[in-house]
Amino acid sequence: MPGALADGVHIAGTLARAGMLRPARPDRALRALSGLIRWGPGLAAGYLGAAALYPDEPAIIDELGTLTFAEVEARSNAIARGLAGYGVSEGDGVAILCRNHRWFVKASLACAKLGANAIYLNTSFAGPQVSEVVARERTAAIVYDAEFAADVAPATERHAGFVAFTEPESPAASMSDARSPGPRRAPTLQELIDSRSSDPLPPPAQPGRTIILTSGTTGSPKGANRAAPSSLQPVAALLSAIPLHSRENTVIAAPLFHSWGFAHMLFGAGLASTLVLQRRFDPEDTLRAVAEHRPTALIVVPVMLQRILDLPAETIARYGTGALRVIGASGSALPGSLAQRVMDTFGDTLYNLYGSTEVAWATIASPADLRAAPGTAGRPPRGTVVRILGPDSKELPAGKSGRIFVGNDLLFEGYTGGGDKARVGELMATGDVGYFDGAGRLFIDGRDDDMIVSGGENVFPAEVEDLLAGVPGVNEVAVIGVSDEDFGQRLRAYVALEPGAELTEAELKDHVRGHLARFKIPREIVFVDELPRNATGKVLKRSLARY
């Protein structure tokens, strides 16, 4: 069977198994198909199709209540027209600084309908970072939650600002009261809806782009420029590896501004999923949402799983989680010991995706992979190529560590401020070092710039971290390299213990000594209450040196 035909058959079969191809009223099916043809794969076509097929079904559930697909479609049309009335046009940038709620989705959808570039800001950004990114990305407008009014104030002096979520009692909300003196009042998205037509818009000449910022753990956050997908191949690739299904509930706990949360907003549109969103992550509230709404999928970053498992066993048992078929984790390293605990608690439902903002995904570990080889990053899904390359850019055999390169349909197109990831042909570097085992499973040694040289020996902190994380009583751990006059660098470990646990530095060093080479034993172990992390759960290792 020719390659193109085989790909088409695979895509059709995968979409059918996921419930995306099913009988429907002919007029509704025609509208959905017409939307896909006119708009192309993406957020706009997804919600247009869902509104045509399931107009009165719930699309979003958040603390404000429930919105149907028809309501999301109509209100995003009005927001798009409102933004256009303030001068936002095709190709312009719209910065979005919002937590997980309906306004994030509607603002993103409005950008897609205008052909505007959506720029997603991290909710942990301070005012100077907001101003820096807004200026660098040539932003025309900013959509923000009222709680961030002070952070965006300098930027909104030069750009149109629109308030999304408001809390009536908050100081930020009172700033936008028309009767209040002081700063120029920003219109709300609700006011745009109330004052504009909700009629459909024509597709833009060119689809808008998505700009997701890197985590900034090693410097200033950079904008990763990515065009809308040109086919359904990426959707089919993920669905072939993770058993998501249409018209089911999905709790997205991972931030929507993060690649992983954003991806499931996109997949939710295509699958006509009901998205259950909470503005702030709380471990027990997340379990409560799972019990109440009975989702088949829970989307998290690994530290969220750690926080959930930190709850008392009786608290976890209080909430029914039996409907979950998928716990999807991505965004940072998933220790093998944590993966085992998650599956022992919630069943074999855990899928771990390894990738980056720049390459989207590289590999996906299934529950079977995580049981057989704890700590693995999994295998490349269909349509993705992963190679381990040596210093000469030649492919290395199984068991040999080297730089990880990825090729797929979702590679980014370079940083918006200039620069790119290293490329070899059609493959792009992830910035990590790792190896394949004999079964074709990928393992990550660590960041290529995290490697330290101690006494002439190469050491990747991730290996030591994973070992210490499996010690009973250890809650979380990070290992860094620090300067050493005799050895060049030495390892220092930062360990946070579980409540009530008692472990000594000597005990932890003995544990490492019993499993790894002597040069991998941390010279120092510093006990801390918790590790510093950013909003997506990644450990801020540069901050550890100050402890």
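For the single chain, residues carry numbers from 1 onward in sequence order.
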Given the options Leu334, Leu298, Val326, Leu350 meets side chain to side chain contact (heavy atoms under 4.5 Å, CB included) only with Leu334
Any donor and acceptor pair, going by atom type alone, linking the side chain of Arg382 with main-chain N or O of Ala236 inside 3.5 Å? no
Nearest heavy-atom pair of Leu411 and Gly407: which atoms, and what distance? CD1-CA, 4.3 Å
So which atom in Ala377 and which in Thr363 form the shortest heavy-atom distance, rounded to 0.1 Å? O-OG1, 2.7 Å
Tell me whether Arg288 is salt-bridged to Asp285, with the criterion being a basic N under 4.0 Å from an acidic carboxylate O. yes
With no hydrogens and no angle check, is any side-chain donor or acceptor of Arg158 less than 3.5 Å from a backbone partner on Pro154? yes
Check Ala269 against Ala50 and note the closest heavy-atom contact, atom names and distance. O-CB, 4.4 Å
Does Leu43 reach the side chain of Thr210, with side-chain heavy atoms less than 4.5 Å apart? no
Glu167 and Arg279 ion-paired at < 4.0 Å: yes
With no hydrogens and no angle check, just 3.5 Å: does a side-chain donor-acceptor pair link Ser356 and Glu358? yes
Salt bridge or not between Arg318 and Glu314? Use side-chain N to carboxylate O under 4.0 Å. no
State, to 0.1 Å, how close Met304 and Pro255 come at their nearest heavy-atom pair, and which atoms those are. CE-CD, 4.2 Å
Does the side chain of Phe125 come within less than 4.5 Å of Val152's, by heavy atoms? no
Do Ile96 and Ser108 have side-chain heavy atoms sitting under 4.5 Å apart? yes
For Ile252, does its backbone N or O pair with a side-chain atom of Asn100 as donor and acceptor, under 3.5 Å? yes
Nearest non-hydrogen partners of Gly414 and Asp420, listed with the distance: CA-OD1, 4.0 Å
Report yes if the side chains of Glu191 and Phe162 come closer than 4.5 Å at any heavy-atom pair, otherwise no. no
Compute whether any side-chain donor of one residue and acceptor of the other, for Thr430 and Tyr354, lie under 3.5 angstrom apart. yes
Donor-acceptor pair, side chain of Thr274 and main chain of Pro58, under 3.5 angstrom: yes
So Asn122 and Leu213, side chain to side chain contact (heavy atoms under 4.5 Å, CB included) or not? Walk me through it. CA-CA 8 Å; Asn122 191 313; Leu213 301 175; 5.7 Å; no
Pairing of Lys113 and Glu73 as salt bridge, 4.0 angstrom limit: yes
For atom CZ of Arg28, is the number of surrounding heavy atoms from other residues, nucleotides or ligands below 6.0 Å larger than 12? yes
Nearest non-hydrogen partners of Val134 and Thr139, listed with the distance: O-OG1, 3.1 Å
Does some side-chain heavy atom of Tyr144 sit less than 4.5 Å from a side-chain heavy atom of Leu121? no
Within a strict 4.5 Å, meaning less than it, do heavy atoms of the Phe165 and Leu64 side chains meet? yes
Do the two ring centres, one from Phe257 and one from Phe104, sit under 6.0 Å apart? no
Walk me through it: do Thr250 and Phe267 pass the test side chain to side chain contact (heavy atoms under 4.5 Å, CB included)? CA-CA 10 Å; Thr250 297; Phe267 287 121; over 6 Å; no
Is there a side-chain contact between Tyr415 and Lys421 (heavy atoms, below 4.5 Å)? yes
Return yes if some donor-acceptor pair links the side-chain N/O of Glu90 with the main-chain N/O of Gln206 below 3.5 Å, else return no. yes
Would you call Arg99 and Glu63 a salt bridge, using N to O less than 4.0 angstrom? no
Can you check side chain to side chain contact (heavy atoms under 4.5 Å, CB included) on Thr384 and Trp361, steps first, answer last? CA-CA 8 Å; Thr384 295; Trp361 55 70; 3.4 Å; yes
Exactly one of His101, Gln278, Arg102 clears side-chain hydrogen bond (donor to acceptor under 3.5 Å, both in side chains) with Asp62, and that residue is Arg102
Is there a side-chain contact between Ile193 and Lys106, using heavy atoms and a 4.5 Å cut-off? yes
